[in-house]
Each structure stands twice: as structure tokens, then as C-alpha cells.
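Remarks on the structure that follows.
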Amino acid sequence: MRLAVFDTHRYDREALEKTNAHFGHALTFFEPRLTLQTAKLADGFPAVCSFVNDKVDAATLAALHGGGVRLVAARSAGYNHVDLEAAQRLDIRVTRVPEYSPHAVAEHAVALVLSLNRHIPRAFARVRDWNFSLDGLVGFDLAGKTVGVVGTGRIGRVAVRIFRGFGCKVLCYDVAPDADFEREAGVAFVPLDVLFAESDVISLHVPLTPGTRHMVDAAALARMKKGVLLINTGRGALIDSRALLDALKAGRIGGAGLDVYEEEEGIFFQDLSGQVLQDDVLARLLTFPNVLVTSHQAFLTHEALANIAETTLASVMAFEQGEPLVNEVRAEQVLRAPPAAK
Ligand code: NAI
């Protein structure tokens with residue numbers, strides 16, 4: 001099937017082309033993100049492949065539909081960038097990659113914890129400048145500390161096991177607590193306000209839904225332990241970035257490791273070096289010595305890219321052959337949990 005792939009980077013292209021050798025789709029790669037302005041590029045294609053910072057809203061979907069698109073194959077786990085209700089109204093099917101490597105994301109979250117706690121980026125910059133002093137680089141033992149894992153789905157569970165391996169006490173919060181997992185992993189499910197209040201490290205692994213947007217707001221930050229390390233590899237808008245800025249300025253937060261950012265669309269995945277960064281909140285966040293931002297790269301391992309390519313191209317094949325779309329997402333599936341209790 002002819003597939004228009006948007007927001008393509010070299011690593012996507014390599015993985016998709018390699019996997020496509022046994023599917024035989026006709027892939028056309030476009031560098032721009034999929035938005036209303038770029039939807040025209042997909043005219044004549046029955047299917048498009050989108051990524052997390054595309055803007056597949058009602059207007060984009062209408063334009064895609066006008067050009068003949070009937071399938072949006074998201075090559076991501078999250079699908080908050082797609083207006084599912086509008087897609088259904090237009091009879092455009094939407095698929096995603098529910099699981100490609102929970103290890104990739106969980107391991108990146110842990111990498112952020114270790115890098116922040118042991119000041120690895122600062123240490124690296126120092127020794128490159130032949131500054132071998134250690135002042136300001138004191139961290140803490142993770143063993144014995146309390147880690148709060150918010151969201152115990154595929155990724156959260158891998159993160160839990162890694163932190164348990166470090167000898168941490170792990171508190172979990174999820175709308176659907178799992179007593180078997182609790183027992184087997186030796187963790188405790190607690191209310192979110194307890195997790196916020198008692199954790200030395202907090203790692204977010206819930207999807208972005210109306211119920212989780214800004215689950216870390218000013219009130220939540222005020223409840224956290226002074227010196228907490230806050231890690232977000234979920235979605236940027238789980239955290240109110242302005243409230244985080246205030247908490248960082250007040251010295252209440254020990255460190256923030258952010259692989260995702262509320263307003264990352266149009267910034268992350270791009271080389272903007274040599275340009276003036278227009279986002280004042282992100283620019284300010286990048287000035288803190290205890291903030292580490294990565295550009296939505298938690299998924300970026302060879303294993304994850306291969307699995308993403310396989311599942312995405314299999315969905316396109318199933319669509320082409322009129323088979324059931326096992327990885328379809330529909331509007332009624334979106335979990336509309338009440339705002340997470342704090
Ligand atoms: P999952 O669906 O396996 O797990 C999500 C968990 O969150 C479930 O246990 C669910 O019950 C829980 N949950 C949902 N709404 C909640 C609420 N309101 N309050 C508390 N818990 C709630 O998803 P998975 O695979 O673990 O991924 C989690 C998220 O990680 C994705 O939705 C995506 O946004 C993000 N992600 C980020 C990546 C990156 O590169 N930074 C890559 C892949 C995923």
C-alpha cells in the first residue's frame with residue numbers, strides 16, 4: 001500500500017525501509033510534521049504514518065480525508081495528538097504501536113535519575129575543561145530511598161523492577177491498582193498525594209488524557225519533599241511547566257529530568273541551533289543546573305525502532321487486506337478518568 005510517512009528522520013527511515021523489505025509497501029518519506037499545512041503532501045495516499053508531534057486534529061483529518069486518506073498509522077504508543085472523534089466521524093481508522101519496548105523508555109527514565117543525581121552532565125563538562133574539582137557534585141545513594149512510580153502499565157512496571165533492583169522502596173499510583181503485581185514486585189499502591197509527599201524520586205508513566213493533564217501542578221509540587229527528583233518520560237502536559245519553574249526557582253525541587261515538554265511541538269526533533277529559542281519557559285528551564293532535558297528520545301533504541309516499524313507496517317498490511325486492526329484506537333477507548341486524586 002502507498003504510505004506517506006511524516007516527520008521522518010534518518011533513524012525512522014532506516015528502520016522502516018529495513019522492515020519493509022518483507023512487507024513491500026510503497027513508502028514515501030516526508031520530513032515535515034503532519035499538520036493542516038502539510039496534509040496536502042498526502043493527497044492520493046490511502047494511508048499516512050504519523051509521529052508524536054504531528055497535529056492530527058479535526059482540520060488536518062478533514063484535509064487528509066479530502067485527499068483520500070483512510071488510515072492514520074501512528075508509529076507511537078501515545079495517540080493524544082490525534083483527534084479520534086473527528087477521525088471516526090470521517091471514517092478514518094487510527095492505529096498505534098501499543099508496545100514496542102517498555103525497556104527503552106523505563107531505562108531512559110532511570111538514566112535521567114542517575115544523571116541528575118550524580119551530576120553526570122556537569123561532571124562531563126567540567127573534566128572536558130580540565131576542571132577536576134568535585135564541589136557541587138554530591139549525590140545520594142538510591143538504595144534505601146523511596147521512588148514513586150505514577151502509572152504502572154507496561155513502562156511503569158519495568159521502571160518499578162529496575163528501581164527495586166537498586167534497593168529502593170517503591171510506591172505506586174494507578175487508576176487500576178494491581179494487587180498481584182503489588183505483592184510480586186514488593187511495592188505498595190498508595191493514593192497520589194501520599195506518593196507525592198513520601199517519594200525522593202518521582203517518575204511519571206501515565207498517558208496524557210483529560211484526567212492526567214497537569215497532574216503535577218503547583219499544589220502537587222508544594223506537597224512534594226524538598227529536594228525531590230522529578231522525572232517525566234510520559235507526556236509534557238502531565239506537568240504544569242510554569243508551576244515547575246516556580247518550584248525550581250524556589251529551590252524546592254532537587255532536579256527535574258524531562259524527556260517531554262508541554263510545548264515541545266515544533267521544537268523537539270528539530271536542529272534549532274543557530275536560531276533564537278522562542279519558548280521562554282523552555283529557555284528558562286534550560287538555565288537550571290539541576291534540570292536535564294532530552295528531546296523525546298526515551299523510545300530511541302534499535303530494538304524499539306525495529307518493533308515500531310514492524311507493528312506499524314503490519315497494521316497498514318492488515319488495513320490493505322481488510323483484516324481486523326488489532327492495534328486500532330477508538331475514541332471510546334480513551335480513558336477519561338476523573339482528575340487524579342491528589
Ligand atoms: P500503558 O497503557 O501500558 O500504561 C499506562 C498506565 O497508566 C495504565 O496502568 C493505566 O491504568 C494508567 N493510567 C491511565 N490513566 C490514569 C490516571 N488518570 N491516573 C493514574 N493512572 C492512570 O502505557 P505505557 O506503554 O506504559 O506508556 C505510558 C505512556 O508513556 C504513554 O501513554 C506515552 O504517553 C508515554 N511514552 C513516552 C515515550 C517517550 O519516548 N518519551 C515512548 C512511549 C510511551
Side-chain angles (χ1 to χ4, degrees), residues 7 9 11-12 50-54 74-82 84 96-113 148-162 171-182 185 187 189-196 202-217 220 231-239 257-262 264-265 268-269 292-305 307-308 311-312 327 329 333-342:
D7 199 8
H9 299 269
Y11 45 83
D12 297 309
S50 79
F51 199 48
V52 290
N53 285 330
D54 293 339
R75 57 179 191 281
S76 54
Y79 47 86
N80 50 285
H81 60 292
V82 184
L84 294 177
R96 65 165 180 148
V97 185
E99 174 168 353
Y100 43 84
S101 171
H103 303 282
V105 184
E107 288 171 13
H108 191 77
V110 177
L112 291 173
V113 173
V149 173
V150 181
T152 50
R154 298 175 186 88
I155 297 169
R157 285 174 193 229
V158 176
V160 164
R161 292 185 207 286
I162 299 174
L171 301 178
C172 298
Y173 172 75
D174 197 290
V175 273
D178 176 342
D180 291 340
F181 175 70
E182 184 172 42
V187 299
F189 278 92
V190 295
L192 189 57
D193 57 353
V194 173
L195 183 152
F196 283 159
I202 296 172
S203 194
L204 305 179
H205 300 288
V206 284
L208 178 62
T209 67
T212 60
R213 180 174 293 274
H214 286 189
M215 76 193 306
V216 176
D217 58 8
I231 307 300
N232 189 7
T233 57
R235 280 293 179 269
L238 298 176
I239 299 180
L258 310 174
D259 184 53
V260 285
Y261 167 63
E262 248 186 310
E264 69 180 54
E265 254 181 61
F268 283 13
F269 310 135
L292 183 50
V293 176
T294 51
S295 181
H296 205 138
Q297 73 172 76
F299 73 98
L300 200 63
T301 65
H302 293 297
E303 293 81 357
L305 287 171
N307 291 338
I308 287 170
T311 305
T312 303
N327 294 315
V329 273
Q333 278 167 244
V334 177
L335 190 52
R336 288 219 162 77
K342 289 182 179 153

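Each ligand, and each atom within it, is numbered from 1 in the order the structure gives. Just so it is clear, the structure is predicted and the values come from calculations on it, not from any experiment.
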Is the distance between the ring centroids of Phe268 and Phe51 less than 6.0 Å?
no
Taking N or O atoms only and a 3.5 Å limit, does Arg235 qualify as a polar contact for ligand 1?
yes
Counting only heavy atoms, tell me which of Leu192, Val175, Val97 gets closest to atom 19 (N) of ligand 1.
Val175
Which side-chain N or O atoms in residues 231-239 pair as donor and acceptor under 3.5 Å with protein atoms at least two apart or in another chain?
from: Asn232; atom 1: OD1; to: Gly234; atom 2: N; distance (Å): 2.9
from: Asn232; atom 1: ND2; to: Arg235; atom 2: O; distance (Å): 3.0
from: Arg235; atom 1: NE; to: Asn80; atom 2: OD1; distance (Å): 3.1

Do Ser101 and Asn307 meet the criterion of a side-chain donor-acceptor pair at a distance under 3.5 Å?
no
His296 heavy atoms within 4.0 Å reach ligand 1 at atoms 39 (C), 40 (O), 41 (N)
What's the separation between atom CG in Leu305 and atom OH in Tyr11, rounded to the nearest 0.5 Å?
8.0 Å
Any heavy atom of Val105 under 4.0 Å from ligand 1? The part involved is side chain
Identify the two heavy atoms, one from Val206 and one from Gly151, that lie closest to each other, and give their separation to 0.1 Å.
CG1-CA, 3.5 Å
Per-residue contact class, Arg154 against ligand 1 - non-hydrogen pairs under 4.0 Å:
both
Residue Thr212 vicinity, atoms of ligand 1 by number, heavy atom under 4.0 Å:
16 (C), 17 (C), 18 (N)
Would Asp259 count as a contact residue for ligand 1, given that I'm defining contact as a non-hydrogen atom of the residue lying under 4.0 Å from a ligand atom?
yes
Interfacing atoms of ligand 1 (cut-off 4.0 Å, heavy-atom, Ala298)
39 (C), 40 (O), 41 (N)
So, Glu262 and His214: side-chain donor and acceptor under 3.5 Å apart, yes or no?
yes
Which of the ligand 1 atoms, numbered from 1, are nearer than 4.0 Å to a heavy atom of Phe299:
40 (O)
Which one holds for Phe268 and ligand 1: side chain close, backbone close, both close, or neither close, with close meaning a heavy atom under 4.0 Å?
neither
Between ligand 1 and Gly234, can you find any atom pair, the residue atom being a heavy atom, that is separated by under 4.0 Å?
yes
Contact partition for Ile155 relative to ligand 1, non-hydrogen atoms under 4.0 Å:
both
Closest non-hydrogen atom pair, Cys172 against Val187:
SG-CG2, 3.8 Å
Any side-chain donor paired with an acceptor under 3.5 Å for Thr294 and His108?
yes
Atom indices of ligand 1 within 4.0 angstrom of Tyr173 heavy atoms, with elements:
19 (N), 20 (C)
Of the side chain and backbone of Asn80, name the one, both, or neither that has a heavy atom under 4.0 Å from an atom of ligand 1.
neither
Please identify each residue that fulfils salt bridge (charged side-chain N to carboxylate O under 4.0 Å, His left out) with Arg213, with sequence neighbours left out.
none
With the threshold set at under 4.0 angstrom, would you say Thr209 reaches ligand 1 through any of its heavy atoms?
no
Val216 versus Phe196, closest heavy-atom pair with distance
CG2-CZ, 4.1 Å
